[in-house]
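Quick notes on the structure that follows.
Worth knowing before you read on, the calculation uses all heavy atoms, side chains too, and leaves out hydrogens, waters and symmetry mates.
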Amino acid sequence: MLCIAVYAVYTFFLQQRLLNSYASEKKEFVKEIEAAQEKQEELSSTLDHLNSTEYIEDVARNKLDMYLPNERVYIDITQ
């Protein structure tokens with residue numbers, strides 16, 4: 001009878017340790033899911049604005065150094 005009680009207590013503690021590790025893994029996965037959802041929302045909003053004139057002009061100015069005709073561009077030489 002004593003052996004069965006010791007085995008039950010030992011098994012209980014092993015299971016508790018296993019459950020604690022699963023709980024910590026769950027927290028990590030929840031954080032990863034939230035980060036992925038935020039990234040998805042960001043990409044979705046970018047996709048919505050991808051074909052807008054403002055976005056195209058912004059990309060042309062900032063990444064391609066292109067400007068509209070007759071637009072004055074001032075360059076700060078102190079930078």
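Closest approach of S21 to S24, counting heavy atoms only: O-OG, 2.8 Å.
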Without placing hydrogens or testing angles, list every side-chain donor-acceptor pair under 3.5 Å for residues 28-53, not counting sequence neighbours.
residue	atom	partner	partner atom	Å
S45	OG	E42	O	2.8
T46	OG1	E42	O	3.0
H49	ND1	S45	O	2.7
S52	OG	H49	O	2.9
S52	OG	Y55	N	3.3

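Considering only residues two or more places apart in sequence or on other chains, N62 meets the side chain to side chain donor-acceptor pair (under 3.5 Å) condition with D58.
Atom OH in Y10 sits 11.0 Å away from atom CD in Q15 (nearest 0.5 Å). Once rounded to the nearest 0.5 Å, the distance linking CZ of F13 with CG of L18 reads 15.0 Å.
Open room surrounds CG on N70; 12 or fewer heavy atoms of other groups in view lie less than 6.0 Å from it.
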